[in-house]
**Student:** 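Right, I'll just put the structure down here and ask away after.
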Number of protein chains: 2
Amino acid sequence: MLSQKAKYAIKALMNLAVQEKGALVKTAVIAEQENIPKKFLELILIDLKRASLVASKQGVGGGYYLLRSADKISLADIYRLFDGAIALLPCASLRFYEPCKDCADENTCALRASLIAVRDQTLLALENTMLNQLVGQKKEVL
Amino acid sequence: MLSQKAKYAIKALMNLAVQEKGALVKTAVIAEQENIPKKFLELILIDLKRASLVASKQGVGGGYYLLRSADKISLADIYRLFDGAIALLPCASLRFYEPCKDCADENTCALRASLIAVRDQTLLALENTMLNQLVGQKKEVL
DNA sequence: TTAAAGTCTAGCGATTTAGTAGGATTTTAT
DNA sequence: ATAAAATCCTACTAAATCGCTAGACTTTAA
C-alpha cells in the first residue's frame with residue numbers, strides 16, 4: 001500500500017500536471033485543492049524537488065511546476081522516492097538491494113529467484129503507469 | 001516489502017512443504033531450522049492455522065503440517081494474510097476494499113482505474129507464484 | 001498423572017508514520 | 001531599502017505499527 005506521503009505526492013503531481021505549460025502553483029493552492037495539510041505538503045514538494053521531478057521558484061509569485069513532462073513520470077518513480085523498494089525482499093531489489101543475512105547462497109535461492117520474477121512483473125506495471133494516465137488526460141485518437 | 005512476519009511464514013511453510021506427506025513438525029524444530037524466534041513463530045503458525053493453510057495436532061508427538069498441497073498455496077495467499085491489501089490504495093483493493101473519503105466519484109477516478117490495473121498485474125504475479133516454486137522443488141520433466 | 005506439545009492474552013521497546021511548529025532564506029514589488 | 005510573499009530547513013511530537021517476549025492455559029499420549 002502507498003504511504004499517505006506517496007499518495008499526497010501523486011495528488012500534488014497530478015495537480016501540476018494539468019496546469020498550462022510554465023505555470024507556477026503555490027503550495028497553499030495545491031494544499032487547498034487537494035486537501036493536503038500545507039506544512040506536510042511543503043516537505044513532500046521539497047522531496048520531489050530533490051528528485052528533480054519538480055522545480056520551484058521562490059518569492060512573490062513563486063511556486064512549483066513539473067520539471068519532466070507528465071508522460072515521463074511513472075508510478076515507479078514516485079513509489080521508490082517515498083516508499084522505497086518495490087521488491088518483496090531487499091535481496092530481490094534492484095535499487096535498494098541488500099543481501100539476506102541468513103541466506104546460504106543467493107544464487108541458488110529459489111525464494112529469491114521467484115521474488116525477482118514477481119518484482120519484474122510489478123515493475124512492468126508501475127513503470128508503464130505514467131502521471132498523465134493517472135490524471136486521465138484525454139488520449140489523442142491514434 | 002514483506003513484513004518479517006510474512007517472511008517467517010513463508011519460511012515456515014517452505015519447511016513444511018518439503019516434509020513427507022503426513023509428517024508432523026514441531027514449532028521448536030521449524031524455529032531452529034529456519035532461524036525464527038520460537039514464541040514469535042507460534043503466533044504465526046496460529047495465524048496460518050486460522051487461515052486453513054496448515055493444521056496442527058496438540059500434545060506429545062504433535063506438530064504442524066500443510067493442509068493444502070504446496071502447489072495450491074500462492075504468495076498472494078500469504079501476503080494478504082500477514083500484510084493485507086495488495087492494491088496500492090484501499091479503493092483499488094479486491095479483498096480489503098474501502099472507499100476514499102475525498103474522492104468525488106470513484107467510477108470516473110482515473111487514479112483508481114490505473115491502480116486497479118496495476119493491482120491486476122501484481123495479483124497475476126503473486127497468484128501464480130506457488131509455494132512449491134519458492135521451495136525450488138525439482139520440476140518433473142514434461 | 002505427568003511431560004510434551006499447541007493455544008491464548010497481554011504487554012513492551014524500538015521504529016516508523018503523519019503531522020506540527022517556528023523560523024530562516026530568497027525573491028519580487030513598491 | 002524594505003515589506004511581503006513565497007520556498008526551504010530543522011526539530012519535535014503523538015499515535016500507530018512491528019518485532020518480539022512472558023506466562024498461563026489446554027490438549028494429548030504414554
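Residue numbers begin at 1 in each chain, while the letters A, B, ... track the order of the sequences.
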**Student:** Specify the residue among Q4(A) and K57(A) whose closest nucleotide of DNA chain C lies further upstream toward the 5′ end.
**Tutor:** Q4(A)
**Student:** How would you list, by chain and number, every residue that makes a salt bridge (charged side-chain N to carboxylate O under 4.0 Å, His left out) with E32(A), sequence neighbours excluded?
**Tutor:** none
**Student:** Among all residues two or more places apart in sequence or in another chain, which pass the side chain to side chain contact (heavy atoms under 4.5 Å, CB included) test with D71(A)?
**Tutor:** S69(A), N132(A)
**Student:** Could you go through residues 10-24 of chain B and list every donor-acceptor pair under 3.5 Å that involves a side-chain atom there, pairing it with any protein atom two or more places apart or in another chain?
**Tutor:**
residue	atom	partner	partner atom	Å
K11(B)	NZ	D102(A)	OD2	2.6
K11(B)	NZ	E34(B)	O	3.3
N15(B)	OD1	Q19(B)	NE2	3.2
N15(B)	ND2	Q33(B)	OE1	2.8
N15(B)	ND2	E34(B)	OE2	2.8
Q19(B)	NE2	N15(B)	O	3.0

**Student:** What are the two closest non-hydrogen atoms of E127(B) and M130(B), and how far apart are they?
**Tutor:** O-CE, 3.0 Å
**Student:** Tell me whether L124(B) shares a hydrophobic cluster with V118(B), the cluster being built from Ile, Leu, Val, Met, Phe, Trp, Tyr side chains joined at under 4.5 Å.
**Tutor:** no
**Student:** Residues from residues 34-41 of chain B sitting under 4.0 Å of DNA chain D, heavy atoms only?
**Tutor:** P37(B), K39(B), F40(B)
**Student:** Anything under 3.5 Å between a donor and an acceptor, one on a side chain of residues 36-55 of chain A, the other on a protein residue two or more places apart or in another chain? List them.
**Tutor:**
residue	atom	partner	partner atom	Å
K38(A)	NZ	E42(A)	OE2	3.4
K49(A)	NZ	S56(A)	OG	3.1

**Student:** At a heavy-atom distance below 4.0 Å, which nucleotide of DNA chain C is the first touched by chain A, and which is the last?
**Tutor:** dA18(C) to dT28(C)
**Student:** Below 3.5 Å, can you tabulate the donor-acceptor pairs from side chains in residues 74-93 of chain B to any protein atom, sequence neighbours excluded?
**Tutor:**
residue	atom	partner	partner atom	Å
S74(B)	OG	A76(B)	N	3.3
S74(B)	OG	D77(B)	N	3.2
S74(B)	OG	D77(B)	OD2	3.2
D77(B)	OD2	R68(B)	NH1	3.2
D77(B)	OD2	S74(B)	N	2.9
D83(B)	OD1	S3(B)	OG	2.6
D83(B)	OD2	S3(B)	N	3.0
S93(B)	OG	F96(B)	N	2.8

**Student:** Kindly work out whether a path of hydrophobic side-chain contacts (I/L/V/M/F/W/Y, heavy atoms less than 4.5 Å apart) joins Y65(A) to Y8(A).
**Tutor:** no
**Student:** Output the distance between atom CG (L67(B)) and atom NZ (K72(B)), rounded to the nearest 0.5 Å.
**Tutor:** 13.0 Å
**Student:** Short of 4.0 Å, heavy atom to strand atom, which residues of residues 42-56 of chain A count as contacting DNA chain D?
**Tutor:** E42(A), L43(A), I46(A), K49(A), R50(A), S56(A)
**Student:** Strictly by salt bridge (Lys or Arg N to Asp or Glu O under 4.0 Å), give each pair with a member in residues 108-121 of chain B just once, sequence neighbours left out.
**Tutor:** E106(B)-R112(B)
**Student:** Applying a strict under-4.5 Å side-chain criterion to I, L, V, M, F, W and Y, I'd like to know whether I116(B) and Y97(B) cluster together.
**Tutor:** no
**Student:** In terms of hydrophobic clustering (I, L, V, M, F, W, Y; side-chain heavy atoms under 4.5 Å; direct or indirect links), are L123(A) and L134(A) co-clustered?
**Tutor:** yes
**Student:** Contact class for F82(A) vs. all strands (heavy atom < 4.0 Å): base, sugar-phosphate, or nothing?
**Tutor:** nothing
**Student:** Between atom CG of L131(A) and atom OG of S114(B), what is the distance when rounded to the nearest 0.5 Å?
**Tutor:** 10.0 Å
**Student:** Expected output is a numbered-order residue list: members of residues 72-80 of chain A with a heavy atom under 4.0 Å from any atom of DNA chain C. What is it?
**Tutor:** none
**Student:** Bend angle of the helix from dT1(C)-dA30(D) to dT30(C)-dA1(D) from five-pair axes at both ends, rounded to 10°?
**Tutor:** 10°
**Student:** Give me the residues of residues 59-66 of chain B where at least one heavy atom lies under 4.0 Å from an atom of DNA chain C, by number, or none.
**Tutor:** G59(B), V60(B), G63(B), Y64(B)
